Amino acid sequence: MHFQAYFKHTVTDTGFRNTAVNGLVTGYQLEIRFPGYRGSHLSCITRLDLTVDGKKVDPQDLLFCLNGKEFLMAQIPELFVEYWFILDNATLKVAKEGGLAAGPHEIRVDFAYRVPYTGYYGNYIVAEGAHVRALPLAR
Amino acid sequence: MHFQAYFKHTVTDTGFRNTAVNGLVTGYQLEIRFPGYRGSHLSCITRLDLTVDGKKVDPQDLLFCLNGKEFLMAQIPELFVEYWFILDNATLKVAKEGGLAAGPHEIRVDFAYRVPYTGYYGNYIVAEGAHVRALPLAR
Amino acid sequence: MKDSNIKLGISLYSLTIDYFLRRYDLERCLATAQELGAEGIEIVAAMMVPGYPWPTAAWCEDFQKLLQKYRLAPVSYSAYVDMGLRSDRDLNEPEIVQFTKNDLEIASRMGFQVVRTQHAISPATLEKMVPYAAKLDVWLGVELHVPHTIHVPVWREYFGLFDKYGSDHIGIVPDFGVFQEYPHLPWFHQAAELGMRQKTLDVLCPLQRRGVTEEEALKQVPDLTDAERPIAHELFKDFHPAALEDIGPMVKHSRYMHGKFYHIDENFHDACIPYDRILPLVRDHGFKGFIASEYEGHQFDESIDATEQLKRHLTMEKRILGLA
Amino acid sequence: MKDSNIKLGISLYSLTIDYFLRRYDLERCLATAQELGAEGIEIVAAMMVPGYPWPTAAWCEDFQKLLQKYRLAPVSYSAYVDMGLRSDRDLNEPEIVQFTKNDLEIASRMGFQVVRTQHAISPATLEKMVPYAAKLDVWLGVELHVPHTIHVPVWREYFGLFDKYGSDHIGIVPDFGVFQEYPHLPWFHQAAELGMRQKTLDVLCPLQRRGVTEEEALKQVPDLTDAERPIAHELFKDFHPAALEDIGPMVKHSRYMHGKFYHIDENFHDACIPYDRILPLVRDHGFKGFIASEYEGHQFDESIDATEQLKRHLTMEKRILGLA
Ligand SMILES: [Mn+2]
Ligand SMILES: [Mn+2]
């Protein structure tokens, strides 16, 4: 039951909106917190799945954005010099032609991370949790 | 003879000085440019050797500092999301008890990097060069 | 507060939930520590230092000014050994050395003379750090944390180093969590939230207190649910307190201790960690240094007021130590 | 300048040495382009966009204002396919797609409708980008660069795509370097600097011009030094110009061309790249778009004044095209 308290705060209130480049709506984005008490190297993230309105987003359509950079989900395990400061929100950008319709959507984030200093007797704790909430799409 | 022009500007005029933490002189540092016409991902660096006054610095005593981060030389090949903007100088920090003596020192940097878009017919060009210059240690 | 060898501080980690939810920024955490009467603070760098692990020199200076503003001593810089930060392998020794040197230097720039590290540093690496800690005039303390005791092999090795080098620059940071005997109140709150029934606890807890094994105990709960199973397992796995006799050897090599706690009741009593026996032993063995109140109930029940818990913990410590 | 289908621009890459040595910042490069009378510019993003590959939206807006200030058209955003950026493997297709989508989006935010990419994108990946380029209303041109010609297999595939999808959103960016026949003046400067003797060149250069093989030619220089050997090898390896008849098919699928050059003499003549034959063919085949002057002599001799070279190149182009 350790490291469980923060998962329920993963998806933030703000930043859920459609994205556009020069008027072309390319998808949508939302913001998440790192669901732990301290920051983490991104390479410690072992799972990050986004489900919107009951449908899992294909990781190929997802970009993880932090520290002014944008990463493919497949790169996350390799990002051992990218630190997620606990007060910084990360942005998940989803490529989806036309974006999402106005109004509320159900957002679910399944998240897991290795606690990198817990190798007691050789095993690292992996903290796992999910956060589900309805969020209105900002205009 | 391609990509040779910039190596002669690798070691900069500024930033060569001893380093201290709370009064303890821990070593010295100097600044280098990326010796190419554009920026590079750090993972493209294939060689970076520092020689001071004719003696090669042990890579274990060297830190490569850029983008507000500090890297062990052994990590360089893995830093594929760390971009070296061409106008930013990198700092080489050398651990050496007591630092260097005042006055001029001969600095030599041997540098090589893969040109990541030159895989014509399957081979990447590796640009190589050296820069040797005398630099006075700043007070 | 009376003059005493023992000084009372606060780990800012105690205020995690307020910080995490952006209710308190770092300065507000410091202000809270001052209001509570703490003499000094511990900071968890990986949590509260912007730019970590490479904060700017300017930020480190500003931090020292903040401490002066709130009249707080810089007690401990809390470092990790994030040995598992890579996904392909553990950090190797040159990486751990650099990781730790970096923490020692930042700590020094921030004004700290105590750096808390973790056993993952390994005795061999700690030994290599002795000269550097000495030069920087920093004391590098390894935290003794659940599930370890001073009798596990790695800690026997650490004590060997203390015997060899003295404990002027390396030592032990005991976390009082090693003396925890039973689950705490926030644990029960979270257990309930996760589906543990009171009737199951009513059967299992007394058995845990009597030292019955998990296997034997579970026979008494034939209707254990899937949700209850891992929680019941924790109940029998997690609470194996170290012996209070270990406090003597700890004190001998310690300059800093973690006053870990999960809940102090309204009568200023910890029902799970025997502070009333721990603290007198710490004092009587001659401990000289800071004990930082380290509240961790927020990991289990975020609705509890952390500041109130800290206030109770400090009050309890002062009463037990006769410092009130 | 007369109204013409062909417009003359400058690649800011031409000013590399001034930029690299911090003599010119980006704005000064733009001011120089305006002073030279260029109608528009190409920017090499990996060189001049702070924060690349993820510049901020604010920076992209400010850049457009700078272009307006200097009355310059945003002609081409020059993108790479840094397929070898990792040390353990080449980028895979999802990575190249994302790399290119990112460039298309930044280019679009910076106001560019032409994006120059490189053949490492591969025909298969380029084909996947067609709908996205169409949606963003960007033209994605693959640069044809030495040592390629339009007859190598990968370029036959690109032309197959142009036939299939048209060239409204994909196409070819010919670099006139493919027509280079002989070494250029800065090449001779660098060769001398690296130890090549004039007497060796006096023997080898005429043989290279007559099409003699390296093996045969070296027999005429029995005293070739170790320093000379790699330079002699380059002399025979690097200068195999594409046929000028290829210009027709290029023009058909091109909106943008690189006026690559290494040295223009004081008589406004390029002694190595036959501009006097290239440009009339480009015009007569009906090319409509920008030719950007792309000075590259700085890679060989940094002492040559790049701005003067650009001035000569523009003058030469105008004379040949009758735009003066
Ligand atoms: Mn602790
Ligand atoms: Mn070109």
Side-chain angles (χ1 to χ4, degrees), chain B residues 1-14 31-48 67-68 73-89 112-130, chain D residues 13 15-17 19-22 25-26 44-54 78-91 95 117-121 143 145-148 152 154 183 186-187 189-191 193-194 196 230-231 234-235 238 296-303:
Chain B
M1 308 197 307
H2 297 282
F3 303 111
Q4 279 304 305
Y6 305 101
F7 285 104
K8 66 183 77 151
H9 300 290
T10 306
V11 179
T12 67
D13 295 336
T14 54
E31 289 181 18
I32 62 172
R33 295 195 181 100
F34 183 76
Y37 74 92
R38 52 159 283 199
S40 173
H41 290 89
L42 295 186
S43 46
C44 292
I45 299 172
T46 57
R47 182 181 181 191
L48 204 182
N67 297 344
M73 295 310 292
Q75 294 175 326
I76 298 279
E78 303 180 298
L79 302 176
F80 63 89
V81 288
E82 214 60 58
Y83 196 77
W84 189 349
F85 183 54
I86 191 71
L87 294 187
D88 289 337
N89 295 342
Y113 65 97
R114 190 169 54 254
V115 186
Y117 57 86
T118 58
Y120 290 106
Y121 307 119
N123 299 300
Y124 293 102
I125 292 174
V126 173
E128 293 191 67
Chain D
Y13 167 76
L15 299 168
T16 291
I17 192 63
Y19 182 78
F20 175 87
L21 292 175
R22 285 69 165 162
D25 61 9
L26 173 57
V44 175
M47 178 183 176
M48 294 194 172
V49 173
Y52 171 87
W54 301 287
S78 203
Y80 291 92
V81 179
D82 280 347
M83 200 161 80
L85 71 83
R86 295 181 60 120
S87 51
D88 54 346
R89 60 167 172 82
D90 287 346
L91 292 194
E95 289 164 343
T117 187
Q118 301 178 300
H119 70 89
I121 194 173
E143 181 166 358
H145 197 281
V146 163
H148 279 174
V152 301
V154 67
W187 188 96
H189 291 176
Q190 191 176 59
E193 198 181 319
L194 295 174
M196 174 60 92
I231 303 170
E234 266 190 27
L235 176 65
D238 280 358
E296 191 159 86
H298 53 81
Q299 293 273 11
F300 301 84
D301 180 349
E302 70 183 51
S303 71

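Residue numbering restarts at 1 for every chain, and letters A, B, ... go by the order of the sequence lines. Given the structure is predicted, the values throughout are model-derived calculations rather than measurements.
For N67(B), no part lies under 4.5 angstrom from a heavy atom of chain D. Only the side chain of E193(D) comes within contact range of chain B, judged by heavy atoms closer than 4.5 Å. Contacts of H119(D) with chain B are made by side-chain atoms alone, with heavy-atom separations under 4.5 Å and no backbone atom involved. Using a 4.5 Å cut-off between heavy atoms, Y13(D) contacts chain B through its side chain alone, with no backbone atom that close. Both the backbone and the side chain of P147(D) come within less than 4.5 Å of a heavy atom in chain B.
Counting heavy-atom pairs closer than 4.5 Å to chain D, the top-ranked of the candidates Y113(B), Y124(B), Y6(B) is Y6(B). No other option in I45(B), L87(B), I86(B) has as many heavy-atom pairs under 4.5 Å with chain D as L87(B). Options D90(D), D25(D), V44(D) differ in how many heavy-atom pairs under 4.5 Å they form with chain B, and the most are formed by D90(D).
Shortest non-hydrogen contact noted between A5(B) and Q190(D) is N-NE2, 4.5 Å. C44(B) and G84(D) make their closest contact through SG-O, 4.1 Å (heavy atoms, listed as atom of the first residue, atom of the second, distance).
A heavy-atom distance below 4.5 Å is found between the side chains of P50(D) and F85(B).
Separating the NE2 atom in H145(D) from the OH atom in Y117(B) is a distance of 7.5 Å, to the nearest 0.5 Å. Put simply, CZ on R38(B) and OG1 on T16(D) are 11.5 Å apart, with the number rounded to the nearest 0.5 Å. The line from CG of D82(D) to CZ of R114(B) is 10.0 Å long, rounded to the nearest 0.5 Å. Atoms OG1 and CZ, from T12(B) and R22(D) in turn, are 8.5 Å apart once rounded to the nearest 0.5 Å.
Proximity of a side-chain donor or acceptor of Y83(B) to a complementary backbone N or O of A46(D) within less than 3.5 Å is detected. Between the side chain of R86(D) and the backbone N or O of S43(B), no donor-acceptor pair lies under 3.5 Å.
A search for side chain to side chain contact (heavy atoms under 4.5 Å, CB included) contacts involving V126(B) returns T46(B), A112(B), E128(B), not counting sequence neighbours. V49(D) pairs by the side chain to side chain contact (heavy atoms under 4.5 Å, CB included) definition with I43(D), A45(D), Y52(D), P55(D), W59(D), M110(D), not counting sequence neighbours.
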